[in-house]
Amino acid sequence: MIGMLTLDQRDAERPGHVRPDAGETELGYLFLPRAWGRGYAAEACAAALGWFADALPAESVVLCTQTANDPSMRLAARLGFIEVERFEEYGAEQWFGVWRPTNDE
């Protein structure tokens, strides 16, 4: 195993939401350092987002990362996440974005 990704419901108590009921699905990922920079996270996250778009085509996905985490910020942009807001959490500035499936078909 080189890492993992999750699609979980974002905790309603945390800052950062795009829905009034705070019922967003949040993408999370964690990869071992030996897997960094090889494109595995981008490939895995893109596949998960594709599956999610097929399963729930009207639903968006949110993502939160520290602004200081440049690789994660680049990955969010590469995956098509759009910034919604920034806020302070865990003693650091957080970037919060949303991804919406495209209806090109």
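Quick note: residue numbers are just sequence positions, from 1.
The shortest side-chain heavy-atom distance between Phe81 and Val61 falls under the 4.5 Å cut-off. Residues Thr25 and Phe52 are in side-chain contact: their nearest non-hydrogen atoms beyond the backbone lie under 4.5 Å apart.
The main-chain N or O of Val62 is never found under 3.5 Å from a side-chain atom of Glu24 such that the two would form a donor-acceptor pair. For the pair Arg10 (side chain) and Leu63 (backbone), a donor-acceptor distance under 3.5 Å is absent.
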Walk me through whether Ser72 and Tyr29 qualify under side-chain contact (heavy atoms from CB on, under 4.5 Å).
CA-CA 9 Å; Ser72 190; Tyr29 45 85; 2.6 Å; yes
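Follow the hydrophobic side-chain contacts under 4.5 Å out from Val84 and you never reach Leu79; the two are in separate clusters. Tracing side-chain contacts under 4.5 Å through hydrophobic residues (I, L, V, M, F, W, Y), one never reaches Ile82 starting from Phe96; they form parts of separate clusters. Cluster membership for Leu32 and Leu5, using ILVMFWY side-chain heavy atoms within less than 4.5 angstrom, is not shared. Hydrophobic clustering, with ILVMFWY side chains joined whenever heavy atoms are under 4.5 angstrom apart, groups Leu7 together with Leu75. Phe31 and Leu49 fall within the same hydrophobic cluster, where Ile, Leu, Val, Met, Phe, Trp and Tyr residues are linked whenever their side-chain heavy atoms come under 4.5 Å apart, directly or through other members.
One distance of note links CD of Glu26 with OG1 of Thr6; it measures 7.5 Å at 0.5 Å rounding. Distance check, rounded to the nearest 0.5 Å: CD of Gln94 to OG1 of Thr65 gives 7.0 Å. The CD atom of Glu93 sits 7.0 Å away from atom CD of Glu88, with the distance rounded to the nearest 0.5 Å. Here the straight-line distance linking atom OG1 of Thr67 with atom CZ of Phe87 works out to 10.5 Å at 0.5 Å rounding.
Shown here for Pro101 and Pro57, the closest heavy-atom pair between the two residues is CG-O, 3.2 Å. Closest of all the heavy-atom pairs between Trp95 and Ala76 is CZ3-CB, 3.8 Å. Of all the heavy atoms in Ala22 and Gln9, the pair that sits closest is O-NE2, 4.2 Å. The minimum heavy-atom distance between Ala42 and Arg78, with the atom names listed, is CB-NH1, 3.6 Å. Of all heavy-atom pairs spanning Val98 and Arg100, the tightest one is CG1-NH1, 3.2 Å.
Within the hydrophobic cluster formed by Ile, Leu, Val, Met, Phe, Trp and Tyr side chains joined at under 4.5 Å, directly or through other members, Met4 is accompanied by Leu30.
Taking 4.0 Å as the cut-off between side-chain N and carboxylate O, Arg19 and Glu59 count as a salt-bridged pair.
Surrounding CD of Glu43 are at most 12 heavy atoms belonging to other residues, nucleotides or ligands under 6.0 Å away. Environment of CZ in Arg14: crowded, with over 12 heavy atoms of neighbouring residues, nucleotides or ligands closer than 6.0 Å.
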